[in-house]
Amino acid sequence: MQLPDAETLCRQLAEQIRPCLKPDTVLIGIRTGGEWLTRRLHALLGLELPFGVIDISFYRDDYGAKGLHANPQRTNIPFSIENAHVILVDDVLYTGRTARAAINEIFDFGRPACIELAVLVDRGGRELPIAARYCAHTLPEPLPDSQNLQLEQAENSGLTLRLIHA
Amino acid sequence: MLNPQLNRHGELQHLLTLDGLPREIIISILDHAAPFTEVAEREVKKLPLLRGKSIFNLFFENSTRTRTTFEIAAKRLTADVVNLNVSTSSTSKGESLLDTIDNLCAMHADMFVVRHAASGAPILIAQHLLATGRDHIHVINAGDGRHAHPTQGLLDMYTIRHYKRDFTQLSIAIVGDVLHSRVARSQIAALKTLGVPDLRVIAPKTLLPSAIESMGARTFHDMREGLRDVDVIMMLRLQNERMAGALLPTPQEYYKVWGLTAEKLALSKKDAIVMHPGPMNRGIEIDSAVADGAQAVILPQVTFGIAVRMAVMSMLAGN
């Protein structure tokens with residue numbers, strides 16, 4: 001399968017978001033792919049408010065089965081969530097469980113006015129009632145579970161999508 | 001030999017002692033603790049990791065700080081916490097330690113946090129759980145006799161790493177009542193595992209265990225000599241309640257010779273940090289001016305202790 005160019009998708013995603021920006025819009029990226037993407041979108045959109053980064057390791061629903069994630073990092077939300085207009089950013093939307101965990105975590109910082117979801121690619125396979133408002137690319141057929149689609153960042157910070165067969 | 005703290009996959013099953021705990025696991029606990037420090041700054045200081053788990057704080061010996069920080073750590077992880085002050089309950093009616101454990105297992109405990117005056121009580125509980133096929137229940141040693149106090153040792157390591165970064169460049173002095181101190185034994189074990197090249201123990205001869213050098217520490221009986229150019233000073237509490245016989249003349253004389261004063265602190269490096277596991281005896285092992293001074297990191301130790309205990313609990317419950 002030919003994967004689309006992540007850099008092009010990133011610019012398209014920024015253009016989808018741009019008309020919907022409000023003065024108080026803040027971006028929160030889900031570590032790690034969503035963080036890279038957020039850094040990019042933040043610059044492309046010329047936002048003045050800082051962006052946040054969220055690590056959902058402590059909110060995963062598979063902790064009971066898999067234990068603690070090997071390398072949890074600090075969540076950093078350097079602004080008030082109270083009444084904020086939040087755009088949650090992730091690289092690939094799959095089951096929706098990561099987005100669910102991130103939404104729960106955001107609510108532990110306050111009550112936002114709204115949360116919208118922006119993703120680079122929707123690969124199908126949802127297990128929860130979650131949809132992205134902004135999505136740069138939807139795969140024509142859902143990917144099988146055995147395949148893992150992920151965003152990678154090169155040393156020159158170029159973004160690429162990669163498909164891994166388990 | 002099989003390490004009784006690890007499961008068959010080499011993961012942490014119980015936390016009983018830092019002696020013999022692999023370096024990778026110590027580092028992993030310190031790494032995991034870092035993101036937990038951020039939770040205290042949130043609107044909702046709670047993570048859902050241990051939702052539905054029951055943690056029993058079993059304190060056969062009095063403690064305020066350790067019990068409270070374990071309780072806060074467990075509550076911030078959304079566990080249900082039951083505090084048993086056993087010194088005033090069934091044990092005084094004659095129930096054995098393992099009968100107490102069996103009863104609490106029947107109440108569906110998921111984790112025990114144990115403090116006991118007898119060295120080895122937590123490992124006895126862990127072995128009992130294994131022998132009775134209840135190895136899904138975890139045990140954390142919150143201090144046993146003179147043996148070990150691993151979470152205190154870990155929070156001390158976290159504190160040192162926070163301020164000093166690289167263990168392999170440090171001179172560290174442990175000062176005071178080493179003889180009665182489980183804290184000192186845990187500190188020495190961890191500091192050696194983490195590669196501290198210059199580890200010193202400063203104490204009067206009556207308060208040093210025999211063969212302390214075999215743990216890899218150099219001994220000093222002169223505080224001024226021992227503190228020279230150290231990066232970290234780890235004070236110990238003078239454990240009056242454990243003293244039997246004439247180990248010391250008077251507290252006043254102890255302070256004069258072994259108390260950490262500004263004048264003695266000045267012999268260490270300019271940026272040396274002063275640590276104390278608490279509770280402090282001001283005017284006996286440490287002068288108030290030092291305890292409240294700019295080089296003291298005694299209160300940060302307490303705060304880091306919560307994050308370290310959260311990390312240990314969530315790593316155990318997930319393995």
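Computed from a prediction, not measured in an experiment: that's the story for all the values here. Here is the naming used below: chain letters follow the sequence lines, and residue numbers restart at 1 for every chain. Worth knowing before you read on, the calculation uses all heavy atoms, side chains too, and leaves out hydrogens, waters and symmetry mates.
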query: Is B/Asp31 salt-bridged to B/Arg161, going by a charged N under 4.0 Å from an acidic O?
result: yes
Chain B contact residues among residues 30-62 of chain A, heavy-atom distance under 4.5 Å: A/Ser57, A/Phe58, A/Tyr59
Salt bridge A/Arg111-A/Glu82, side-chain N to carboxylate O under 4.0 Å: no
message: With a 4.0 Å cut-off on N to O distance, would you call A/Arg11 and A/Glu15 a salt bridge?
response: no
Per-residue contacts, residues 71-80 of chain A versus chain B, heavy atoms under 4.5 Å: A/Pro72, A/Gln73, A/Arg74, A/Thr75
Toward chain A, the part of B/Lys46 with a non-hydrogen atom under 4.5 Å: backbone
- request: Against chain A, work out which of B/Ser28, B/Gly318, B/Pro35 has the most heavy-atom pairs shorter than 4.5 Å and name it.
  value: B/Pro35
task: Validate the cation-pi geometry between A/Arg123 and A/Tyr94: distance from NZ or CZ to the six-membered ring centre under 6.0 Å, angle to the ring axis within 45°.
output: yes
- request: Using atom types as modelled and distance alone, determine if a side-chain donor or acceptor of B/Asp144 lies under 3.5 Å from a backbone N or O of B/Gly120.
  value: yes
statement: From the list B/Asp135, B/Leu6, B/Leu130, side chain to side chain contact (heavy atoms under 4.5 Å, CB included) partner of B/Gln13 resolves to B/Asp135
- prompt: Do A/Glu105 and B/Arg42 meet the salt-bridge criterion of a basic N to acidic O distance under 4.0 Å?
  reply: yes
message: Whether the B/Gln5 and B/His14 side chains hold a donor-acceptor pair (N or O, under 3.5 Å, no angle test) is what I'd like checked.
response: no
- request: For atom CD of A/Glu127, decide whether the heavy atoms of other residues, nucleotides or ligands shown that lie under 6.0 angstrom number more than 12.
  value: yes
field: Distance-only polar pair, side chains of B/Thr193 and B/Arg23, donor-acceptor under 3.5 Å
entry: no
